[in-house]
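Structure first, then comments.
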There are 2 protein chains.
Amino acid sequence: MASNRADLAAMMYPVSRALMAAELPILRTHEISMWGYAVLNTLVEQPIHTQSALAKEIGADKTRIIPVLDELQERALIERTPDPDDRRARRLAVTDAGRALRDAVQADIQRGEDRLLARIPAADRTAFLRALALLAELAPEEISYLS
Amino acid sequence: MASNRADLAAMMYPVSRALMAAELPILRTHEISMWGYAVLNTLVEQPIHTQSALAKEIGADKTRIIPVLDELQERALIERTPDPDDRRARRLAVTDAGRALRDAVQADIQRGEDRLLARIPAADRTAFLRALALLAELAPEEISYLS
DNA sequence: TATTGTTATACTCTATAACTATA
DNA sequence: TATAGTTATAGAGTATAACAATA
């Protein structure tokens with residue numbers, strides 16, 4: 001199968017680092033951090049019932065997102081409401097302002113990404129995005145070379 | 001263009017993290033670090049005339065690869081020879097043993113990767129690899145959303 | 001006994017500063 | 001004055017341990 005290609009990780013990791021770096025100026029313009037944006041992006045899909053679940057969803061440690069959630073809440077971009085069914089937990093939901101901010105950020109980011117994707121021949125571009133989406137939907141545990 | 005897709009970085013970064021994590025057990029088996037493997041991979045392509053150039057090539061700081069080079073040299077996987085034309089510099093080249101090790105490691109890694117790639121429909125797979133290789137060959141500076 | 005959220009702490013990785021020797 | 005290689009140090013980012021409240 002492999003016709004003398006470079007390792008996948010060796011190709012993908014530097015590219016994804018560069019993609020993240022390219023997002024930073026945009027995020028700064030909107031005064032939000034990478035983790036903050038990741039949280040908004042996740043909560044836009046659906047509210048989440050515990051902070052632990054959110055942390056797991058975005059691949060972060062539960063202790064690491066606490067300052068992020070604190071700031072998002074202060075800025076009224078998310079709501080943390082005590083769960084009446086489990087008084088330990090705090091339900092998380094994005095506010096209208098949070099949704100608007102994430103939409104604005106994403107529009108800027110994807111505008112830049114589209115210019116980059118334009119370098120890929122149209123015939124390959126959709127297949128690339130389809131394959132990438134497929135890989136991204138795999139659970140991390142499914143990406144293993146053992147067994 | 002974008003038909004409601006996730007951000008590129010949001011898709012690629014977790015995947016590349018998982019790919020790197022999947023390599024670790026293989027690297028451990030061959031008793032080499034990720035950076036050590038990256039160095040061998042680069043030197044297999046061509047010898048390099050300064051450590052700074054090597055560091056830049058693999059996206060590392062020049063101070064960070066020194067212990068890596070020390071160990072590779074101790075294990076006779078690379079050679080560091082003083083450059084007669086510039087006595088500050090040390091030319092870097094992979095040895096036969098180094099080349100053999102990198103070939104063995106790469107075979108193991110790509111065997112695992114091929115199993116992963118098999119999940120992608122064949123019609124998309126080659127286009128995916130072609131597009132990924134194209135992005136990987138861009139200089140990091142070319143991946144920018146400004147201008 | 002286990003889990004949620006939290007704080008404080010330790011650890012890892014990475015970049016910066018400062019040095020010697022050459023150019 | 002600038003660069004190659006090196007060392008030691010500082011910083012950012014991340015994970016671990018321990019705690020109170022609740023299940």
Side-chain angles (χ1 to χ4, degrees), chain A residues 9-10 13-14 16-21 23-24 27-28 32-39 42-43 47-74 78-93 140-141, chain B residues 9-10 13-14 16-21 23-24 27-28 32-39 42-43 47-74 78-93 140-141:
Chain A
Y13 190 71
S16 42
R17 289 293 296 262
L19 289 172
M20 294 215 311
E23 288 186 5
L24 287 181
L27 292 167
R28 247 195 307 273
I32 191 163
S33 69
M34 187 78 72
W35 286 117
Y37 177 56
V39 167
T42 305
L43 293 181
I48 289 194
H49 286 274
T50 71
Q51 296 184 183
S52 301
L54 173 66
K56 194 176 178 188
E57 183 72 23
I58 64 179
D61 194 273
K62 64 173 180 170
T63 64
R64 226 167 59 203
I65 59 171
I66 290 176
V68 178
L69 297 178
D70 287 346
E71 203 206 319
L72 291 175
Q73 185 180 26
E74 253 174 53
I78 65 167
E79 278 174 349
R80 275 201 279 201
T81 55
D83 185 339
D85 298 341
D86 182 345
R87 281 160 57 205
R88 295 171 304 180
R90 313 177 72 174
R91 291 182 175 170
L92 302 169
E141 307 85 60
Chain B
Y13 190 71
S16 41
R17 289 292 297 262
L19 288 172
M20 293 215 312
E23 289 186 4
L24 288 181
L27 292 168
R28 248 195 306 274
I32 192 163
S33 69
M34 188 77 72
W35 285 116
Y37 177 56
V39 167
T42 305
L43 293 182
I48 289 194
H49 286 274
T50 71
Q51 297 183 183
S52 301
L54 173 66
K56 194 176 179 189
E57 183 71 25
I58 64 179
D61 194 273
K62 64 171 179 167
T63 64
R64 225 167 59 202
I65 59 170
I66 290 176
V68 178
L69 296 178
D70 287 346
E71 204 206 318
L72 290 175
Q73 185 179 24
E74 252 176 53
I78 65 168
E79 278 174 349
R80 276 200 278 199
T81 55
D83 184 338
D85 298 340
D86 182 345
R87 282 162 56 207
R88 294 172 304 181
R90 315 176 70 174
R91 291 183 175 169
L92 302 168
E141 308 85 60

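Any value given below was found using the heavy atoms of this structure, including those in side chains, with hydrogens, waters and symmetry copies removed. Letters A, B, ... are given to chains in the order of the sequence lines, protein chains preceding strands, and every chain is numbered from 1. None of the values given here were measured: they were computed from a predicted structure.
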Nearest whole angstrom, please: distance from the C1' of dT4(C) to the CD1 of I48(A). 15 Å
May I have the distance from R64(B) (atom CZ) to dT14(C) (atom P), rounded to whole angstrom? 4 Å
Given DNA chain C, 5'-ward residue of the pair D70(A) and R17(A), judged by closest heavy atom: D70(A)
Heavy-atom check, side chain of D70(B) versus side chain of R80(B), under 4.5 Å: yes
Indicate yes or no: at least one non-hydrogen side-chain atom of E71(B) is less than 4.5 angstrom from one of I32(B). no
For dT3(C), does OP1 or OP2 lie under 4.0 Å from any side-chain N or O of Q51(A)? no
Can you give me the closest heavy-atom contact between A89(A) and H49(A), atom names plus distance? CB-O, 3.9 Å
Can you name the closest pair of heavy atoms from L92(A) and T50(A) and give their distance? CD1-O, 4.1 Å
Opening and closing nucleotides of DNA chain D in contact with chain A, under 4.0 Å to non-hydrogen atoms: dT14(D) to dA23(D)
Between C1' on dT20(C) and NZ on K62(B), what's the gap in Å once rounded to a whole number? 12 Å
Expressed in angstrom and rounded to an integer, what is the separation of I65(A) atom CD1 from dT6(C) atom C1'? 12 Å
Between E57(A) and T42(A), what is the shortest heavy-atom contact and its length? CG-CG2, 3.4 Å
If I compare all heavy atoms of K62(B) with all of S52(B), which pair ends up nearest, and what's the gap? CD-OG, 4.1 Å
Among residues 83-91 of chain B, which ones have heavy-atom contacts with DNA chain C below 4.0 Å? D86(B), R87(B), R88(B)
How many angstroms lie between atom CD of E79(A) and atom CG of L43(A), to the nearest 0.5 angstrom? 11.0 Å
Should R91(B) and D85(B) count as side-chain neighbours, where that means a heavy-atom distance under 4.5 Å? yes
Please report, rounded to the nearest Å, how far the C1' atom of dT4(C) is from the CG atom of D61(A). 13 Å
Select from T63(B) and W35(A) the residue whose nearest nucleotide in DNA chain D is closer to the 5' end of that strand. T63(B)
Answer whether the closest heavy-atom distance between the side chains of Q51(A) and R90(A) falls below 4.5 Å. yes
